Every structure is written in structure tokens, then in C-alpha cells.
Trainee: 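Below you will find the structure I want to go over with you.
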Amino acid sequence: SAHGHKGRQSNRSKPQRTVQDALKAVEAATENLGISKEGCKKHELYVSFRDLGWQDWIIAPEGYAAYYCEGECAFPLNSYMNATNHAIVQTLVHFINPETVPKPCCAPTQLHGISVLYFDDGSNVILKKYRNMVVRACGCH
Amino acid sequence: NFSVDSEVRSSFIQRRLRNQERREMQREILSILGLPHRPRPHLHTKHNAAPMFMLDLYNTISTDTEPHGYSYYKTVLPTQTSSVVTPQDSRFLDDADTVMSFVNLIDRDQDLLFQQHTREFRFDLSRIPEGEAITAAEFRIYKDFIQERNENETFRVRVYQVLREPPNSEVELLLLDQREVWASEEGWLVFDLTTTSNLWLVNPEQNLGLHLVLEDSNGQKRNPQMAGLATGNGPQDKQPFLVVFFKANEVRLRSVR
């Protein structure tokens, strides 16, 4: 069970919300806010060194596809959404107590690195590996 | 204007970044790259062999099959002299977090030893990435095929570390490595400089550079160009350079912004 916020007596006499009520609440909320019902997934985002005007000192690459994660982590989490076991439980509890427990968040589950080749001020050349620069997969956390 | 030439950008915001946005973006990405400011390299050194070699290294580890690299390099530097990445380089590269190439700071006309057929090299290792240890270092010098020599003729190339340069007497040298070469050989000669580079890193005041000497089969000192060594006045894409492989020995924390 998720405890209510401090100071507010959990009102035992209040009828336990049924899952149906929660479903109605979610549908209403979704319709009103026009929240995209799209599930959590990876979206394109390109970082262009060229658009930043850096092609005089960055030799390669010209930019990189970094991607970002967005989408709903709503119960029941679909099979294509990587979700931790905890996230599945949290979506359910959010259903029953939407004011108390937030939905899980849609975030990267796998990140990959890139390498950048560039000149330094002394015109030496540097090849550097950077970790965690590209989203490989998203999921509910 | 920028071309929307790849589907990756299809959903990206289709507008130019406003100046303020661009500056913000630049500052944030520079902090990700671990750079205090954007470098401003001298234009003329872009033709050196080092960028070509480093581009080969970059393409060795780039995930996509299509070699990267600006059209700048594809047009400017002929690929036949691009220094070949050796299997040893690939092993160094796998283990490294950063690789740096260093240009020779001694210009040909500064090379006072030029008359005595000795070539001098100096590299500034003071700007290396913080918190990284040297795992390997190579001094690379290009040797051309020598047409007018007897192809069975051999030479000996010796590389010395300068230990001391007393004002009024002979320079004190330490032989680091030597290589027998045939007149008919062509390609990059690679000398291991790992120990010396680590010494220079720990004691920068001992970084007095290198001397390169060529001897013929009779042990006579000869002009390195006689054996086809590109020691400084050859074409820029055959310039000798130092390449150093580093491994991060601590997690780099970004500067507070």
C-alpha cells in the first residue's frame, strides 16, 4: 500500500477505489490533457557539430544521433516497453492512488558511446572515446 | 542553411538555432567533451600526416562501416601515404580512452644540427588530458622508396633521447631504438617511445626531445634524406609525429557551471 502524504489522515471509511474508477480517471485525464497515448520509446534527436559551427576543429564525426526517450509508462505496460519489475508494480499503484504515486518514468535502458576526433589549440590531434552519449534503448523505470 | 539530408533529422526542429541557443548548446556540449573552450587550431597543420593517421584510427573504431571523415580529408590528403594502422596500434586503441598525436615543434630551419646529419624532434606533452595515464607511445617517421640507390643497400636508423644539453660540451644521449632498413623499403617506421613519454610526463623538464641519426652500412653518419627519410622538409602528409595512447585512471567530473 502507498501511504498518504504526511498530515492527511488516510480515511479508512472512504470506499477503496476500484480499478474501474481508476480506469475512468485515467481515460478522463488522458482525454483532457491530450497526452499522447504513445508508449515509452526512443525518438530521434541529432546533435550536429556542423550546425554548431565547429567543423574547423572537429574532424569527425559531423554530428551524432543521440536520440531521446519519451512516452507513457501506463498500466498495463506493453511487451515492447522494456520495464523493470518495479515499474510494473508502480504503474499499478499509480492507478489505484494516482495522487500519491507517480507513473514510472520513460528513460534510457541502454546507452552507447561515440568517438570524436578533433584538433586542440596546439594543432595536435585528439581521438577521444565518450561513453553514454547515444540512447540505444528506452524503458520504464 | 543546413540540408535535411538524412532521415535522422526528419523529426528534428527544422529551424536555425538562434545565437543564444547556439551558445548555450555549445557550452553544454563542450562541457560534455571536457573542453574549457572551443579549440582554434592553426590552419596550416591540417595537412600533416598526423590527422590522416588519427582519422585511420578513428575509422578503425567507428561503428559504422562507412569510413567517416570530412570531405576535407578525402580531397586534401592523398590516401596512399596515409599511415597504416598496425595490428599493434589496434590493440593499443582497444585499451585506450584517448589518443593524441603531437606535431614536431622543431622547424627545419631551427634544426641547428642539420649540418651534422642529425635531425632533432621536440613534442609538447604539456596539454594532455587530465587524469589519464600513458599506455603506449610511438614515434613515426616515413621512409620513401629510394630509386637511385642499390636496392640491396641497407641503412641503420637510430633514435636517441636527449638526456642533457650542457652549454659547452657534447649533448648526452640515450639510444632508445634502432632499425635496419633497405633502400628499397617504403612506409612508416615506428619506434616505441612509451617509457620516454612517461618520463617526460612525470618530469617535463627532462623533455629535451629526440635525435635521429642515419648510418650507412660502413657506420658513417649520412643525411637521412639519402635513405628517403621524410624528416621535416618532405611533403606535409609524410611529416614525422608522435602518437600517444592514454587510459583514464579516474572518473572525470564535469566542471561546475
Side-chain angles (χ1 to χ4, degrees), chain A residues 35-72 106-108 110-138, chain B residues 2 6-12 16-17 22 25-26 29-30 32-35 37-46 48 50-55 57-59 61-64 67-70 72-73 93 96-103 105 123-124 126-129 241-243 246 248:
Chain A
I35 294 174
S36 76
K37 290 199 175 155
E38 219 175 334
C40 168
K41 70 175 190 176
K42 185 169 92 166
H43 298 263
E44 288 158 348
L45 169 69
Y46 187 77
V47 177
S48 165
F49 295 139
R50 180 191 288 257
D51 291 352
L52 291 171
W54 284 351
Q55 56 269 46
D56 65 315
W57 63 277
I58 291 188
I59 302 171
E62 297 185 357
Y64 66 95
Y67 299 104
Y68 68 95
C69 299
E70 190 195 28
E72 265 219 311
C106 174
Q110 268 184 57
L111 287 162
H112 269 227
I114 64 166
S115 300
V116 179
L117 185 68
Y118 61 93
F119 284 104
D120 71 3
D121 282 320
S123 297
N124 297 316
V125 182
I126 295 167
L127 169 57
K128 200 161 178 64
K129 298 176 186 172
Y130 291 96
R131 297 189 173 83
N132 303 331
M133 298 282 271
V134 174
V135 174
R136 200 70 172 189
C138 298
Chain B
F2 54 91
S6 72
E7 79 294 335
V8 174
R9 297 191 192 169
S10 56
S11 66
F12 198 47
R16 224 185 214 303
L17 288 174
R22 175 192 282 237
M25 190 78 94
Q26 286 171 338
I29 294 183
L30 281 172
I32 289 174
L33 299 179
L35 296 172
H37 59 271
R38 54 96 85 224
R40 298 198 182 274
H42 315 306
L43 206 55
H44 70 279
T45 53
K46 288 192 173 180
N48 282 357
M52 200 62 219
F53 172 76
M54 296 294 280
L55 198 52
L57 287 184
Y58 175 83
N59 287 325
I61 54 176
S62 288
T63 43
D64 346 15
H68 280 267
Y70 267 10
Y72 174 88
Y73 283 94
L93 189 58
D97 293 310
T98 305
V99 187
M100 272 188 85
S101 67
F102 298 87
V103 291
L105 301 177
F123 303 100
D124 174 7
S126 62
R127 304 165 191 261
I128 67 156
F241 60 93
L242 173 68
V243 60
F246 297 89

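First the proteins, then the strands, lettered A, B, ... as listed; each starts at 1. What you are looking at is a predicted structure, and each value in this text was computed from that prediction instead of being measured.
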Trainee: Take A/Lys128 and B/Thr98, measure what side chain to side chain donor-acceptor pair (under 3.5 Å) needs, and give me the verdict at the end.
Mentor: CA-CA 4 Å; A/Lys128 200 161 178 64; B/Thr98 305; 2.8 Å; yes
Trainee: Quick one: are the ring centres of A/Tyr64 and A/Tyr46 less than 6.0 Å apart?
Mentor: no
Trainee: Measure B/Leu242 against the heavy atoms of chain A and call it side chain, backbone, both or neither at under 4.5 Å.
Mentor: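 No part of B/Leu242 comes within 4.5 Å of chain A.
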Trainee: With B/Asp124, which residues qualify under salt bridge (charged side-chain N to carboxylate O under 4.0 Å, His left out), at least two apart?
Mentor: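 Once residues adjacent in sequence are excluded, the partners of B/Asp124 under the salt bridge (charged side-chain N to carboxylate O under 4.0 Å, His left out) criterion are B/Arg127.
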Trainee: Based on non-hydrogen pairs under 4.5 Å, which of B/Arg40, B/Arg22, B/Gln26 is most in contact with chain A?
Mentor: B/Gln26
Trainee: Less than 4.5 Å to any heavy atom of chain A: does that hold for the side chain of B/Leu30, its backbone, both, or neither?
Mentor: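 The answer is both parts of B/Leu30.
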Trainee: Taking only residues two or more places apart in sequence, or in another chain, which ones meet A/Arg131 in a salt bridge (charged side-chain N to carboxylate O under 4.0 Å, His left out)?
Mentor: B/Asp97
